[in-house]
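Reviewing the structure listed below.
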Amino acid sequence: MPSPMVYRLVFENLVHRKVRTLLTTLAIGLGVTMMLSLVGLSRGMLEDQKQRARGIGADILVLPPGSSAIGLSSAPMTQKLLAFVGSQPHVKLATGSVVYPLGGLKRITGIDYDNFTKMSDGFRFVSGGPFSKPDDIIIDEYYAHQNDLGVGDTIPMLDRDWKVCGVVEPGKLARVIVPIDILQELTGTQERLSIVYAKLDDPSHLASTLDFLKEKLTGYQVYSLEEFTSQFSASSLPELRIFTGVVIGLAVLFGFLLVFLSMHTAILERTREIGILKAVGASPSYIFGILARETAVLAALGTIAGILFSFGTRALIQFFIPASMVQAIVPDWWPIAGAITLAAAWLGVVYPAWKAVRQDTLESLSYD
Amino acid sequence: MTESAMVEVRDLRKSFQNGDVDVHALRGVNLDIRRGEFVAVVGPSGSGKSTLFHVVGGLTPPTAGRVTVDGRDLVQMTEAERTQLRKTTVGFVFQKFNLLPTLSVRNNIRMVREIATGERDLNTTILKTLETLGIDKRLDHKPRALSGGEQQRVAIARAIVNQPAILLADEPTGNLDTENSQVVLQVLRDLNERLGQTILMITHDAEAAAFAHRTVKMRDGCIVQ
């Protein structure tokens, strides 16, 4: 059982060297923020896509063969599929969309406004209204805020100047929406679709209709809404898992180097104190215990700082780029980040502490 | 070892490397210190008196010879055993006080007590000693708030809190003015006279050495008188 004096010494050391404690805490905190923000970003963006898919109001979705729910960005399916799906038993309504990539995370989505409104109960307009002209464009609040746009403003896209006719609440399908026929014409995808949505007359027929469509549409990917949204998770995306792993690895390395540097410097400046402790009979394990506990406190403070900073990064993202990125707060990752940070910090203190306890007592005592 | 000897040094030799040069700091030192004796070791810089202090205190191992402190042979000791010796048998007073700057006076003393005995409470005897040393009103101050004389008295209190068999003092007045030097030397003499504390004091100051029962002179790594 560690003695209370050890904790007192740890506390006094941290308080006595306020600037070092503060800087180390901030630096460790940055590593934790890096971890939490990136995990939060991947989760937040997937959750956002999931919510927007749910906002469509469809029960069944048909995707082209070999496509991915996440990377949907072309229109390889024939529009005739729409009529086929719409004519199947229990399918009340079928509509489709074209998704066209604009570079980076930006996409423009073309919809059949009337059918989409029937399926999703319509957009909730914050200002303006539906399309009335071919070059009209609807944007969501996040996109409007990020790009400082409002009804009547012009957006140049695909060599065309679009006029904002409506700003809608986010959470349905996409952030940038145009009439489907115009987008098909502009992108050379006439009579083609990226995805087909179907709404059933009664949800109790979901399983049978799903099975039926799967049988009929060989090669196509036919999903229920739940199956489709379940794909928006890190576990179903090996690339995202690798990415998260790399980020965590970097954060661990970052934390390790920071603690190593911090404790190396701290031990150097406390050479004399360590000599004093050794002179009065403190064992190597006693001195190691002090340094390890000091590191644990720094790691804990850094973790708390990192958690708080992650709220800050979320607020910044929400303020500056709400349409491009969504960061979730990930409380389930707080203990994981804390444990990783503590492990990295202890790894960082091992060598300086080992060096400290092996220091010659006389050399330590004569250190100024 | 003679019956009443606290420290027995026989043909003690200590060499170390200083850069590329072999330094023979002790060249066959013989010395006996009896229980309850107050011995001063004097000599010019480089005479080996501090090295003798470090070897007897278990801060560094001897190269050859025999050294026993309170019946324990230092030559055969491992590093862990020397740590144990410093914890229980020897108390140190250094020229530069060597108090832990982040801890209060009370906690500097508690820390040493806790390392040695696992106890941290300062009992009545200890509190009385602190009163005798004139630092009982300064217990909650950090070392930087104390004068040099007060810091050295705290260092003495810390050195004797575990009732060591021998108190080793290395130039205890080296950083003090005349008035504080007299106070500290008087404290050491009182400890010796009233409590029978065995003391080995290293000094280059003849006036300080006069407080001891016996003075030993060193030169070139040997005792010459």
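Only heavy atoms go into these numbers, but all of them, side chains included; no hydrogens, no water, no symmetry mates.
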Worksheet entry | Identified side chain to side chain contact (heavy atoms under 4.5 Å, CB included) counterpart of B/Leu103 within the set A/His16, A/Arg8, A/Glu273 |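 The passing option is A/Arg8.
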Item to complete: Taking atom CH2 of A/Trp346 as the centre, report whether more than 12 heavy atoms of other residues, nucleotides or ligands fall under 6.0 Å from it.
Response: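 No, not enclosed.
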Worksheet item: Considering residues, nucleotides and ligands other than B/Asp22, do more than 12 of their heavy atoms fall under 6.0 Å from its CG?
Response: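 Enclosed.
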Worksheet item: If you count heavy-atom pairs under 4.5 Å with chain B, which of A/Glu12, A/Met5, A/Arg17 comes out on top?
Response: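 That would be A/Met5.
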Worksheet item: Taking every heavy-atom pair that is under 4.5 Å apart, which of A/Asn13, A/Val15, A/Val280 has the most such pairs with chain B?
Response: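 Most heavy-atom pairs under 4.5 Å with chain B: A/Val280.
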Worksheet item: What part of A/Leu9 lies closer than 4.5 angstrom to a heavy atom of chain B: side chain, backbone, both or neither?
Response: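 Backbone plus side chain of A/Leu9, per the 4.5 Å heavy-atom cut-off to chain B.
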Discussion item. Using side-chain heavy atoms (C-beta onward) and a distance below 4.5 Å, is A/Pro4 in contact with B/Glu114?
Written reply: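 Yes, at least one pair of side-chain atoms sits under 4.5 Å.
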Practice prompt. Identify the two heavy atoms, one from A/Ala279 and one from B/Phe94, that lie closest to each other, and give their separation to 0.1 Å.
Written response: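 That would be CB-CZ, 4.0 Å.
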Discussion item. Check whether A/Arg272 reaches the backbone of B/Asn98 with its side chain - one donor and one acceptor, N or O, closer than 3.5 Å.
Written reply: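 Here the side-chain-to-backbone pair does not exist.
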Worksheet item: Can you check side chain to side chain contact (heavy atoms under 4.5 Å, CB included) on A/Leu277 and B/Leu100, steps first, answer last?
Response: CA-CA 8 Å; A/Leu277 285 169; B/Leu100 291 169; 4.0 Å; yes
Discussion item. To the nearest 0.5 Å, what is the distance between CZ on A/Arg358 and CD on B/Glu79?
Written reply: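 Here the rounded value is 10.0 Å.
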Fill in: Rounded distance (nearest 0.5 Å) linking atom CD1 of A/Ile276 with atom CZ of B/Arg158
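Rounded to the nearest 0.5 Å, the CD1-CZ separation comes out at 6.0 Å.
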Worksheet item: Given a strict heavy-atom distance threshold of 4.5 Å, which part of B/Leu85 is in contact with chain A: side chain, backbone, both, or neither?
Response: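 The answer is neither part of B/Leu85.
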Fill in: Largest heavy-atom contact set with chain A, pairs under 4.5 Å, which of B/Ala116, B/Gly57, B/Pro101, B/Ala80
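Winner by heavy-atom pair count: B/Pro101.
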Item to complete: Determine, step by step, whether B/Lys96 and A/Leu365 satisfy the side chain to side chain contact (heavy atoms under 4.5 Å, CB included) criterion, reporting the C-alpha distance in whole Å, the side-chain angles of both residues, the deciding distance to 0.1 Å, and the verdict.
Response: CA-CA 9 Å; B/Lys96 289 181 178 174; A/Leu365 286 171; over 6 Å; no
